[in-house]
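Worksheet: the structure to be examined is printed underneath.
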There are 2 protein chains.
Amino acid sequence: MRGAVEARLRQLEGLLRGRGLPLTMQRREILKAVVERNDHPTADQVFDAVKDRLPRLSRTTVYRVLDRLVTLGVIRRLHHPGAGTRFDGKIDRHHHLFCRSCGCVIDVASSAVEDVSLPPASRHGFHVEDFSVHFVGVCPDCRRKASS
Amino acid sequence: MRGAVEARLRQLEGLLRGRGLPLTMQRREILKAVVERNDHPTADQVFDAVKDRLPRLSRTTVYRVLDRLVTLGVIRRLHHPGAGTRFDGKIDRHHHLFCRSCGCVIDVASSAVEDVSLPPASRHGFHVEDFSVHFVGVCPDCRRKASS
DNA sequence: CTCCGTGCAAAAGGTTTGCACTGGT
DNA sequence: ACCAGTGCAAACCTTTTGCACGGAG
């Protein structure tokens, strides 16, 4: 999976160069931190993960860089029940399982979900570009605890 | 649509009485404020909508009452991209169109979306109870502005 | 009468902003 | 050298908490 991270860094570099923006250490390390984990970290968790490598890093920068990465389309903002904003290193279409018991979020590959479409007449003139499905239920861990 | 609001107030009254909880003016007015609008107000917007009728109302109470209404299942919490927590007066299954330009949210009737399910092999032991679909795109207003 | 609910004020997060300095190109 | 990015501190906004009073059942 190391190669995947390298690929994302190159993607970031390309997007930044295309706009004449600098590729800083902070952007590199923050992107790595988000992509390397498959949970969905908050800005604060990203800060914690990166601060060892960049001791002078400020929380402000984490917010600003995450925002920039979202704008560039390198990562996604995730709207997590309960807690604050979270970030998701995956950018291919995928869906989420939200556990209503412990609040965790599990990714589901898009291919595991049958295609979703809206009848054109129901769109109210809304131009739909993408979608994601939020499944709500109980995760394996919580089911195990509940049955014991 | 006035009748619908009355019905929801009776529903609230029943749920509260069943638990020996009082039906206060604040709970009545806050529920009305959420149900009467078809957008998805924040706690602060609810406060603004109700403060004329209840001049001594405090923001704290709005938060507490909204929370209680969610617990009772009379309204739903909505996890909205960008902004803070929003509340949705509809409790039947429906989906949402999120405008990435202005941030507004439009309801979609559930019947307009084909049923979505996960193949059993993809559930990783997760027990799915419900789902909702988040469509992302551009709303009619923003499309109009963009084309001019 | 008894609790729960409410209002107020203050605290607690989480996120944003202004400004001077640093760093990538 | 230039301009965007960064760090710091303070501001901001939303949400939560402690405590005394007031109102519904």
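Here the structure is a predicted model, which is why all the values come from computation and not from measurement. Chain letters run A, B, ... following the sequence lines, proteins first and then strands; every chain starts at 1.
- Within residues 18-33 of chain A, the residues having any heavy atom under 4.0 Å from DNA chain C are, by residue number, A:P22, A:L23.
- One interatomic measurement links the two molecules: CZ of A:F87 to C1' of C:dT15, which rounds to 10 Å at whole-angstrom precision.
- Ring centers of B:H96 and B:H40: under 6.0 Å apart, within the cut-off.
- Where A:L54 and B:R59 each meet DNA chain D at their nearest nucleotide, the meeting point lying more 5' is that of A:L54.
- One atom, NZ of A:K51, and another, P of D:dG7, lie 14 Å apart when rounded to the nearest Å.
- Protein atom NE2 of A:H79 is 17 Å distant from nucleotide atom P of C:dG14, rounded to whole Å.
- With distances taken from any side-chain atom of A:R64 to the nucleotides D:dT6, D:dT16, D:dA9, the minimum falls on D:dT6.
- At D:dT6, none of the side-chain N or O atoms of A:S58 fall inside 4.0 Å of OP1 or OP2 (strictly under the cut-off).
- Taking atom CG of residue B:D67 and atom P of nucleotide D:dT14, one finds them 18 Å apart after rounding to whole Å.
- Remark: C1' of C:dC4 and CG of B:L72 are 14 Å apart, rounded to the nearest angstrom.
- Regarding contacts with the backbone of D:dG7, a side-chain N or O of A:T61 is found under 4.0 angstrom from either OP1 or OP2.
- With A:R8 contributing its side chain and A:G89 its backbone, the two residues share a donor-acceptor pair below 3.5 Å.
- OP1 and OP2 of D:dT14 both lie 4.0 Å or more from every side-chain N or O belonging to B:T85.
- Between the CG atom of B:L66 and the P atom of C:dG5 there is a distance of 14 Å, rounded to whole Å.
- Summarising the geometry, the separation between CG on B:D48 and P on D:dC13 is reported as 14 Å, rounded to the nearest angstrom.
- The residues B:D39 and B:R86 are annotated as not salt-bridged, no charged nitrogen and carboxylate oxygen being separated by less than 4.0 angstrom.
- Salt-bridge annotation for A:R64 and A:D67: absent, with no side-chain N of the basic residue lying under 4.0 Å from a carboxylate O of the acidic one.
- In the interface, the side chain of B:R56 is not paired with the base of D:dG22 through any donor and acceptor atom under 3.5 Å apart.
- Under the 4.0 Å criterion applied to side-chain N and carboxylate O atoms, B:R17 and B:E13 are assigned as salt-bridge partners.
- A:K90 has no carboxylate O lying under 4.0 Å from a charged side-chain N of A:D92, or vice versa, which leaves the two without a salt bridge.
- Distances shorter than 4.0 Å separate none of the side-chain N or O atoms of A:Y63 from OP1 or OP2 on C:dT16.
- Atom pair A:L16:CG and D:dC3:C1' shows a separation of 15 Å (rounding to whole Å applied).
- Comparing C:dT15, D:dG5, D:dT6 against the side chain of A:R68 picks out D:dG5 as the nearest.
- Checked against a 6.0 Å centroid threshold, the rings of A:H95 and A:F131 count as neighbours.
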